[in-house]
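What follows is a short report on a single structure.
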Amino acid sequence: MTNGTGRAGTIRRTVSALVGVLTATTLLAGCGADGSGTGADAASPSPTATPREELLAAVPDGTEGAFRFAGKDSSSDISGVVDPAAKGMDLTAAVKDPEHGFTTRMSFLVVQEQLWMKVKFTGTEGLTGLPKLPSRWMELDRTKLTDAESAPTYEGVDVGNAGPIIEAATSVQEKADHTYTGVVDLTKGEASKAVGEPEVAALGEAARQVPFTAVVGPDGNLASLTVDVPAAGKAKAWTYVVKYVDYGSAPKLAAPTGNAAQQAPKVAYEMLNG
């Protein structure tokens, strides 16, 4: 990694991939965060609620306290914590550079309107030209970001978009042990945005009959949702996974203070805006 142009391109691709993952993950979040969306509509299912209604009622709506989440799509993994009381979330994703082999681990912390970032490179032995960044939380000024809309914001608790996917279900059956199975039409409503519009488009008619499995925990909250996306053309089959755990017991989020944080240096903006 000695060619300047190549280095910049590599960093831009890596950062764009990470920010893209985080943006897509939170794109539809907020459906029930203010008590007016999916979770609120089905928060108190009637005694004769259908399995689909029961599942929608289990989607987090902000009343459960802080919880941990993890998600996986066709190319990336993401994990973190959502804290409705703080209107905050932390998100971490990692992308490995296919050419040079190093990994960029990027974390974002959102509390109210404030945004911080951490970046760590691993597997960089023998490589040069990577930006030198502090290990502390770097507070970002959104006005200095070229594409500020791509930066994570707190928009609600269902960051894995389980609600829009379940809403698009055409059939749901309740099994034993709080497990539900069914079929979802990924072309309906906001489901395609939740899973990935290019991936759904590539499925063609198969996107209308995609199987899923969901598990509701003993506390009545959604524990996991797995969508089994079939192979299409040259694309292999893959799974879209959402996991929500530790409701009410996950660590609460707060703005970092003292030596734990600093203002983002110029090089951080150059990396994000490059």
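Residues: numbered from 1 along the sequence shown. Model, not experiment: these values are computed from the prediction.
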Next on the checklist: So that I can tick it off, tell me whether Asp83 and Lys252 are bridged by a salt bridge, with the cut-off set at under 4.0 angstrom between side-chain N and carboxylate O.
Outcome noted: no

Checklist entry - Under 3.5 Å, is there a donor-acceptor pair between the Gln262 and Glu139 side chains? => result no

Item to check | Nearest heavy-atom neighbours spanning Gly220 and Ala58 | outcome: O-CB, 3.4 Å

Item to check | Asp219 backbone acceptor or donor facing Tyr247 side chain under 3.5 Å | outcome: no

Checklist entry - Counting distance only, does the side-chain N/O of Glu64 pair as donor-acceptor with the main-chain N or O of Asp61 below 3.5 Å? => result yes

Next on the checklist: Using 0.5 Å steps for rounding, measure from the CD atom of Gln173 to the OG1 atom of Thr181.
Outcome noted: 4.5 Å

Checklist entry - For the atom pair OG1 (Thr92) and CZ (Arg105), what is the distance rounded to the nearest 0.5 Å? => result 5.0 Å

Checklist entry - Taking everything shown except Lys87 itself, do over 12 heavy atoms lie less than 6.0 Å from its NZ? => result no

Checklist entry - For the side chain of Gln209 and the backbone of Ala206, is there at least one donor-acceptor N/O pair under 3.5 Å apart? => result no

Next on the checklist: Quick check against the 3.5 Å criterion: does Asn273 have a side-chain atom that pairs as donor or acceptor with the backbone of Lys144?
Outcome noted: yes

Item to check | side-chain contact (heavy atoms from CB on, under 4.5 Å) partner of His100, chosen from Leu130, Thr124, Leu127 | outcome: Leu127

Checklist entry - Among side-chain atoms of Thr179 and Asp177, is any donor-acceptor pair under 3.5 angstrom? => result no

Checklist entry - Distance-only, no hydrogens or angles: does the Asp90 side chain make a donor-acceptor pair with backbone N or O of Leu109 under 3.5 Å? => result no

Checklist entry - So, Phe69 versus Tyr244, ring centres under 6.0 angstrom or not? => result no

Checklist entry - Between Leu115 and Phe108, which heavy-atom pair has the shortest distance, and what is it? => result CD1-CD2, 3.8 Å

Checklist entry - Do Thr239 and Val227 have side chains that get closer than 4.5 Å, going by heavy atoms? => result no

Next on the checklist: Any donor-acceptor pair under 3.5 Å linking the side-chain atoms of Tyr180 with those of Glu54?
Outcome noted: yes

Checklist entry - Where the side chain of Thr50 meets the backbone of Glu53, is there a donor-acceptor pair that is under 3.5 Å apart? => result yes

Item to check | Leu225 vs Ile165 side-chain heavy atoms within contact, under 4.5 Å | outcome: yes

Checklist entry - Would you find a donor on one side and an acceptor on the other, under 3.5 Å apart, between the side chain of Arg52 and the backbone of Glu167? => result yes

Checklist entry - Salt bridge or not for Asp77 and Lys72, using N-O below 4.0 Å? => result no

Next on the checklist: Strictly distance-based, threshold 3.5 Å: is any side-chain N or O of Asp158 a donor or acceptor partner for the main-chain N or O of Gly163?
Outcome noted: yes

